[in-house]
Every structure is written in structure tokens, then in C-alpha cells.
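Notes to accompany the following structure.
Lettering follows sequence order; numbering is per chain, from 1.
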Amino acid sequence: MSIHLHNTLSRRKEAFAPIDPANVRLYVCGPTVYDLAHIGNARPVVVFDTLYRLLRHVYGDRHVTYVRNITDVEDKIIAAAAANGEPIDALTRRTAVAYHEDMAALNALPPTFEPRATEHIDGMVAMIATLIERGFAYAAEGHVLFNVPSMAEYGRLSGRSLDEMIAGARVEVAPYKKHPADFVLWKPARTGEPGWDSPWGRGRPGWHIECSAMSKALLGETFDIHGGGIDLIFPHHENEIAQSRCAHDGAPLARYWMHNGFVQVNGEKMSKSLGNFFTVRELLEQGHRGEAIRLALLSAHYRQPLDITRDGLGEAKAMLDRFYAALDKAGTGAATAAESAEPPFDHLAALEDDLNTPLALSHLHELLARLNKAGDAGARGVAAAALKRGGALLGLLQQDPAGWLRGTRTLSAGVDAVIVLSDGKIDQLIEARTVARKNRDFAEADRIRSELLQAGVILEDSAAGTTWRRA
RNA sequence: GGCCCGGUGGCAGAGUGGCUAUGCAGAGGACUGCAAAUCCUCGUACAUCGGUUCGAUUCCGGUCCGGGCCUCCA
């Protein structure tokens, strides 16, 4: 089995063959840093992080280059900074830090490179100059525009023709555009706005050009996979393709295009403009742990729409409780064995088949059942190692099991919303209960149990003694 | 209006031209002082109407319903 991926360009699943197996190259559109990331923004991060982990497994950790940019110059940033009365660089720095914290909570690995648009202005200016020189772009009233009709294949990715786009156009056409579909490569900066000197006057780049310039700088003219949310197909990715191909003698930008479906709320797209979003940070502060959020995001196939609900997050949490409880009983030996274990075959096969995470998870459940049924320590160790190794491909199950089960839900700023009893107090109460049970004073034993339960602590008696976990 | 996706058991969610998805919830049982956890068993689902086929939830077409893109958006 080799990796197969659904390619938006062909609208079908294709066998994946990298240009250079020694350097598999992946580019994913990252955040515009003007506000906290909502759960919809987190989905592509988690999805492509999972792809990154799979590619690293198949081609080797050192043979995959993953680029995810940060857009730190853009109209919304300017607007948000003005609204906050905050300097632009303070806003973007603060937001980028929060983004990193939130994505780390979801157990997303840092990308190989995380370029910022403002670090690549020169490359953008150079690319724009090339496009003008070759007749694909023109300057008008301080703007530089890409001339869409000059690109024969424009519309291929999104599967629409220029005529259709004009027919459906709902936007007012700026008077300086030669063609209604032309889009901005460079726009003038007004006083007080961030700007860079250029042959067309002081200004700043349009949104699309930054990805073209940054991917070229870090991955070359043609690379393997370009990913992002489904809403980026048009116009963003279509425009990236137009810019890059026209600047690069027609060389393809990326060979495989992958797009994740939306996170929805009550069946509707979650988006900032609709106002129906919640941020990753809010969920964490409500006590949902990052790994549960990650699992919820992986519980549907990446191209399907996904509703994130309280029930769904609760189910993900319960699922992790089961996994970690089994791993906890398997002991620490399994953790070390997992280092050298191969991921379970059918689990890997599911991921190689266009990142079928729900199917992969079902195989993890099979391993869980095997682990729970394992008779001896040897069989337990093997099953636990396989489970942990499989989880690693999904970015799950890597925590200390006891830490997960009994862990506090301490969040940012040391705030702890849930813990009422300290671990020491819990142990004390359990000891008292054990004594009561020995004396067959079950009324007292049950009173202590229910006292603990009210504090969110669940007891489990076994031949080996009493263990506990937090609900 | 144009172009795309989808409609699977109470819920979530894979998949398949004929054979058990899986998880959650629920029912029964084993175990347990009680409980929890675990294990065993169970419910026979694929919007609708036609077509192709020996056979369709799975392929094709129509209908209905939902979502998305066409404008910033993951």
C-alpha cells in the first residue's frame, strides 16, 4: 500500500509520488494574525499535521519539509490594530504567540518553516516585476493587477470558466481593472499604513502573492502538496497558481492540492463573519483538553463537514479515558516498546488511503479491545505498544496515562477551574475508605465514594487496590 | 443563476455491487459488598423514484432535502 490522496485538481484519488522522496515538500496556508484562532482555523492545522506525521513516517523524519506561513500584513490586521489602538507589530506578535500556544495544545508539531509575509516582501516585489515584464500583470493607479485573461488555464483548480465568474460576479469592479476578474498583486499604502518602497510606489502586497513568493523561496517553483481549507480553492489558490505558473514559465505550483471541509455549527459553516465561532482558547478554558479537541477534529474524514459539539468533545474525552486507562494498566514497559514498534498495518493503510482517520481510529479501538483482553504481560505489552505507536501517527495517546487520567485541568495563567480536592486529600479519603471496607463498614465506604464523586473523582476497586481518575 | 459536495441505525461516523464497520448512548448477562472498569450478547441502517444487473445502500438518471463556492474567510 502506498499513499493515495484526493487531488482537488483532478477531483479524484491519486497515488502519491513525490518529486524527490528525499525531500517531500508540503505547503499549507497559515493564519492571518489579527485574532485568536477558532476551531475552524484549527482543523487544517490538525489535518495537515496528521499528513505531516504520515509523510514523516513513510519517507523519514528528515525527508519532509513542511511550510506553513503567517500572514502578518493585511487589511484586517490594520483594521484590528486601529480598533484596539494597538501598534500593528504588537498585535501580530501577540496573536502569533497565542496561535502557537493553541496549536501546541492540539499537539500539532511546528512546521519546518514558518515564514512571515513581511520577511518576504523582496521576493514578492521580484515576482510581481517578472509578471509585469512577461505581460501577465500591469500597473494602474498605484496598484499592480494580475491580468486574468492572459492566463489560459485560469479556473482549472476551481473548475470554473472566466465567463461563469463574470456572470456570477457580485462585486463591484474597480475602475482601474482591465478585466473584472483581475486581482491585486500590489496596492498603495495610505499614510499611517504599513508600506514598502517598490517600483510602483510605496505600498503593500496583495494577499495571494505572498504564498507564491514564500513557497518559491522555501520549496522551489514546483513542490508536492499544497493544502488549505476548501474555501481557499477560489480565489486564493486559483490566484496563487496563476501568479506562480506565469512567473515560472508554466511550471506547476503544486502537484497535489488538498482541501479540508468546514467545521460547522448546527450544520452551517463556522466563520468569523457569521459570528458563530468559538475559539480554541475558549474550549481549553472551559476544561476541554487539547487532545480531546484534536480527536474530535479527526473523528470525521478531513474532506467532510464536521460539527464540533459539546457532546462530540465529551465523547472524544471518554474515548481517550478508555485508551489511557488501558495503557495505564499495561504499565510503562509498553511505552518504551512503542518506540521501536511498527504502526499496526491496517491502521497505517487507512491513513495512507487519503488520510482516513475515522477508519484508522476504528483500528485503534480493535487494538484497545485486544489490549483489554490480553491474558499475560507479554501480550499486553505488544498490544499497548502497537496502540501507542498507532496513536503517534495521529498525534494522540502520547501523554503519560496516569497524568491524563488523574491530571489537573490547569490551563493558561495557572487557572484551575475544576480541581476541588488535592491528590493528597484524595489519597487520604481512599485510605479511610479502604479501612472502612476492611471493617465491612460499607455505609461509610459508600459515603466516601460519593463524597469523592461529587468532587469529580471516580474510584475503581480491583484486586490490586483502589485507583482513581477525574471525571 | 452558474459550479461543487453531501443525505447511512437514537446520535457520531467509515465503507462496500452479494458477506459484522467502529464509537457513544440503550438492553441483557458475567464479574463486584455496592459501584466503576473490563468482557460476552443484542438492535438487522443506508432520503426518494426509476434504470443497469442474477443481485444495489454501493453504478447511472430524475426528484426532494441540506451544505458550500462564485466577495474577506481554514
Mate of B:G6 across any strand shown (Watson-Crick or G-U wobble, both atom pairs under 3.5 Å) is B:C65
Indicate, yes or no, whether a donor-acceptor pair under 3.5 Å links the base of B:C73 to the side chain of A:Lys269.
yes
When both distances are under 3.5 Å in a Watson-Crick or G-U wobble arrangement, the nucleotide paired with B:A12 is B:U22
Checking N1-N3 plus N6-O4 or O6-N4 for Watson-Crick, or N1-O2 and O6-N3 for wobble, each under 3.5 Å, the partner of B:A27 is B:U41
So, under a plain 3.5 Å distance rule, would you say the side chain of A:Asp231 forms a donor-acceptor pair with the base of B:G68?
no
Side chain of A:Arg43, heavy atoms from C-beta onward: which of B:A14, B:A74, B:G23 has the nearest atom to it?
B:A74
Using purine N1 to pyrimidine N3 plus N6-O4 or O6-N4 for Watson-Crick, or N1-O2 and O6-N3 for G-U wobble, both under 3.5 Å, which nucleotide pairs with B:G55?
none
Determine: side-chain N/O of A:Asn356 to OP1/OP2 of B:G15, distance under 4.0 Å, yes or no.
yes
Of B:C4, B:G33, B:C72, the nucleotide closest to the side chain of A:Phe442 is B:G33
Checking base pairs now: Watson-Crick or wobble, both atom distances under 3.5 Å. What partners B:G17?
none
Closest to side chain of A:Gln264, choosing from B:C72, B:G67, B:G2:
B:G67
Of the options B:C69, B:A14, B:C34, whose atoms approach the side-chain atoms of A:Phe262 most closely?
B:C69
For a quick check, with a 4.0 angstrom heavy-atom cut-off, what is the B/S/- contact string for nucleotides 35-40 of chain B, read 5' to 3'?
BBSSSS
Would you please say whether a donor-acceptor pair under 3.5 Å links the side chains of A:His259 and A:Thr8?
yes
If pairing requires Watson-Crick or G-U wobble contacts with both distances under 3.5 Å, which nucleotide is the partner of B:A35?
none
In terms of side-chain heavy atoms of A:Ala300, which of B:G13, B:C24, B:A74 is nearest?
B:G13
Choosing from B:C70, B:C34, B:G13, which nucleotide comes nearest the side chain of A:Pro358?
B:G13
Measure from the side chain of A:Met270, starting at C-beta and using heavy atoms only, and say which of B:A74, B:G33, B:C70 lies closest.
B:A74
Taking atom types as modelled, find out whether A:Thr71 and A:Glu210 have a side-chain donor-acceptor pair closer than 3.5 angstrom.
yes
Result block: side-chain N/O donor-acceptor pairs under 3.5 angstrom for residues 223-232 of chain A, not counting sequence neighbours:
residue, atom, partner, partner atom, Å
A:Asp224, OD1, A:Ile19, N, 2.8
A:Asp224, OD2, A:Arg25, N, 2.9
A:His226, NE2, A:His237, NE2, 3.3

